[in-house]
2 protein chains.
Amino acid sequence: MNIKDIAKLANISKSTVSRVINNDPKVHKDTREKILQIIKNESFIPNNIAKSLKTKKTKVIGILVPDIGNPFYYEILRGIESLLDKNNFNMMLCNTEYDSKKELKYISLLMSKKVDGIIIAPSSSISKGVNLLYEKNIPFVVLDIIQDYIKTNCVLVNHFKVSYSATSYLLKNGHKEIFILDAYRENKSLSNFRNGFIEAMKENKILIKDYYLNEASPDIIGGYKTLKKIINSKYNITAIITICDLAAVGVYKAAKELGVTIPDDISVIGNDDIPLARYLNPSLTTTRQPKFKLGYKSAEILLDCIKNENFNKENVKIYELDTKLMIRDSIKRRI
Amino acid sequence: MNIKDIAKLANISKSTVSRVINNDPKVHKDTREKILQIIKNESFIPNNIAKSLKTKKTKVIGILVPDIGNPFYYEILRGIESLLDKNNFNMMLCNTEYDSKKELKYISLLMSKKVDGIIIAPSSSISKGVNLLYEKNIPFVVLDIIQDYIKTNCVLVNHFKVSYSATSYLLKNGHKEIFILDAYRENKSLSNFRNGFIEAMKENKILIKDYYLNEASPDIIGGYKTLKKIINSKYNITAIITICDLAAVGVYKAAKELGVTIPDDISVIGNDDIPLARYLNPSLTTTRQPKFKLGYKSAEILLDCIKNENFNKENVKIYELDTKLMIRDSIKRRI
DNA sequence: ATGAAAGCGCTAACAC
DNA sequence: GTGTTAGCGCTTTCAT
């Protein structure tokens, strides 16, 4: 069943049916009602694939996240969805697993399916996928993981401030031997999360030992392995700052197994404030990121690029959203 | 840029370009290589919208879940995604928020976008959306929430057994005044979760007081409100069984606020075993559902329906996956 | 206010 | 092994 069939049933041309479907005002009231009635009777649903072929718009956007399993992203997804819903867009969700190959594959698929735009939390800070989008002039917004060598619209929090504040807070509480767990980075010197830590330490004239600076996967396993390594190496650490709460959960897990008590033996401070954070034992001190808003804002910018067709590689901006340190029970005062 | 342009560059017809793109063996090796080279040079990505219009296949499936924010669904999503990835399918994710209107709207959108099939965790056990899919002969699989009045492929766990076992376990531990928190249901007598509880109580000759049987939204707020209600009503409850872990988290939250100690004052048993469950304080006793497998299996069945075009409303089955009671620290022995 | 016709970019049947 | 052609179901310009 297609508009031609509907047209036949109504003794009218398919152009007019098309007009009715698209709410073109230039249709006689009676004609409109008749056609609407038939559409309803037949419970006809127009073929938007054909429409898209003609109009070059799909009302679909692609979303790429590195880890569907990280609660950080669900709230973001909810933020995106809430705006897409209002605009009758759909989202194609892709899970890249921090794998640049998979990321690139999905981006190609999305492009072949002619999504109107893409929101991507890249697999790394040098993403080939993002480069492809850039070259092909696809409207896109980068989320959370800023690109090192390319200017794009980007929505995120200030990771420098996040770790600077977290470190300062630990310092204020008498900690000196602080371990930082960053995600893997191609170019370490470009890591704001790392640099905020370094800056805070330097300002307080604390010597940064090599092994303070660490990298792992930003998930439970990453945090788990990291604490095990710390304990095995008998480093004299009193606190650990993690790149995300999920990694902090990994630290908790390892602590339990190793008989290490948080915060008495080691203090932990996370980043992003996943819903679980406040329910952990002890509840996790962490930096709250406005996750819903991160998603909503990204969608807003993207839809704007799409609608106004004003997507311009040069006219691009970094949107920094505010964070807040949530002080809970995972930090011990060492004075 | 389209296949016609590629054809021109190669001095060849677009049919042959199409053949190369679709790996048709009936193309001369040299021709193929030449075309492949041009495609690569131009970094040409074929328009799958046009392809879909012709072939009536999109390689997209729609997923509808009632609450993106419930961790129960992420593992399911991962399961679905892992199979879709292998088959180069994309997924359109829709969040229905237990709202049948929104569900229906999204289903219409998905149908207009000609998804090859749909996996739906319905907003309720009598879903108009599911009925529409049924009537329109769209391949679909129902996840988790079985439909009361319509036969469909359905992947889920045996909720009767889940609550029966949970209740039996509580009974064995000396509990008698047990409260059950079910999700809202149009037809209460059809709730297996409720019925498993009733059956276990009856077998043990425990009188079921009216207020034992309760309904709330299956999320943190639902659990939160429920415990508040119990405490305010001064019911003499020693244990509570929740329809999902997220509701149990709500119970924990209310308990903390009210100064109620788990498990000393009240025991709690969840259902589904979200990642957070074991990290709660006290760690939550709950029934583990094979979430990844639930998703994977659904996708498997759906892709099978799509590929073999053997989707037949009558030839439909319920797939019950195994569960396991995870005994942790949220139950107190009352003997 | 309505209709006729061209065309979006691809596939696939058919011809050679 | 390759080319020609019709057509998938819409939109949209142009005519009336």
Side-chain angles (χ1 to χ4, degrees), chain A residues 1-36 38-39 42-60 88 108-116 136 138 309, chain B residues 1-36 38-39 42-60 88 108-116 136 138 309:
Chain A
M1 172 126 290
N2 55 38
I3 56 168
K4 208 172 153 189
D5 299 321
I6 300 290
K8 225 172 280 169
L9 288 172
N11 279 319
I12 210 119
S13 81
K14 59 181 182 148
S15 325
T16 303
V17 176
S18 171
R19 288 188 184 102
V20 169
I21 288 170
N22 292 291
N23 288 313
D24 186 326
K26 297 194 297 282
V27 177
H28 193 90
K29 192 168 160 278
D30 295 349
T31 322
R32 159 166 285 118
E33 274 169 14
K34 186 164 88 182
I35 294 178
L36 248 22
I38 295 175
I39 287 178
E42 307 289 322
S43 57
F44 168 67
I45 297 179
N47 183 332
N48 277 345
I49 291 290
K51 177 174 184 162
S52 294
L53 180 58
K54 184 70 189 173
T55 61
K56 306 194 181 314
K57 295 190 184 322
T58 53
K59 290 214 150 203
V60 176
N88 290 313
S108 298
L109 276 181
L110 292 172
M111 286 173 64
S112 75
K113 282 163 185 169
K114 297 289 165 186
V115 295
D116 291 338
K136 289 281 186 176
I138 310 289
E309 280 155 23
Chain B
M1 172 124 292
N2 54 38
I3 57 169
K4 206 170 154 189
D5 299 323
I6 300 291
K8 225 171 279 169
L9 288 172
N11 279 318
I12 211 119
S13 82
K14 61 181 181 147
S15 331
T16 303
V17 176
S18 172
R19 288 188 184 102
V20 169
I21 288 170
N22 292 291
N23 288 312
D24 187 325
K26 297 194 297 281
V27 176
H28 193 90
K29 191 166 160 280
D30 295 352
T31 322
R32 158 165 285 118
E33 274 169 13
K34 186 164 91 183
I35 295 178
L36 249 21
I38 295 174
I39 288 177
E42 307 290 322
S43 56
F44 167 67
I45 296 180
N47 183 332
N48 278 345
I49 292 290
K51 176 174 184 161
S52 293
L53 180 58
K54 182 70 188 173
T55 60
K56 305 192 181 314
K57 298 191 182 319
T58 52
K59 290 216 150 203
V60 176
N88 290 313
S108 298
L109 275 181
L110 292 173
M111 285 172 64
S112 74
K113 281 162 186 171
K114 297 288 164 186
V115 296
D116 291 338
K136 289 282 188 177
I138 311 289
E309 280 156 24

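Below, each value reflects all heavy atoms present in this structure, side chains not excepted, and no hydrogens, waters or symmetry copies. Lettering of chains follows the sequences in order, A, B, ..., and the numbering in each one begins at 1.
- A close approach under 4.0 Å does occur between a side-chain nitrogen or oxygen of B/Thr31 and OP1 or OP2 of D/dT2.
- One side chain, A/Lys51 or A/Asn22, offers a donor N or O that lies under 3.5 Å from an acceptor on the other.
- The NZ atom of B/Lys59 sits 16 Å away from the C1' atom of C/dC10 (whole-angstrom rounding).
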Base versus backbone protein contacts along nucleotides 8-16 of chain D [heavy-atom cut-off under 4.0 Å; B, S, -]: BBBBBB---
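- Atom CG of A/Leu53 sits about 12.0 Å away from atom CG of A/Asn48, to the nearest 0.5 Å.
- Between the side chain of A/Asn2 and the main chain of A/Asp5, a donor-acceptor pair closer than 3.5 Å is present.
- When the shell of 6.0 Å around NZ of B/Lys4 is examined, it contains 12 or fewer heavy atoms from other residues, nucleotides or ligands.
- One interatomic measurement links the two molecules: CG of A/Asp30 to C1' of C/dT2, which rounds to 14 Å at whole-angstrom precision.
- Counting to the nearest Å, the C1' atom of C/dT2 and the NZ atom of A/Lys29 are 18 Å from each other.
- Nearest heavy atoms, B/Ala10 versus B/Lys34: O-NZ, 3.1 Å.
- The OG1 atom of A/Thr55 lies 12.0 Å from the NZ atom of A/Lys114; values are rounded to the nearest 0.5 Å.
- Whole-Å rounding puts the B/Ile35 CD1 to D/dG1 P distance at 13 Å.
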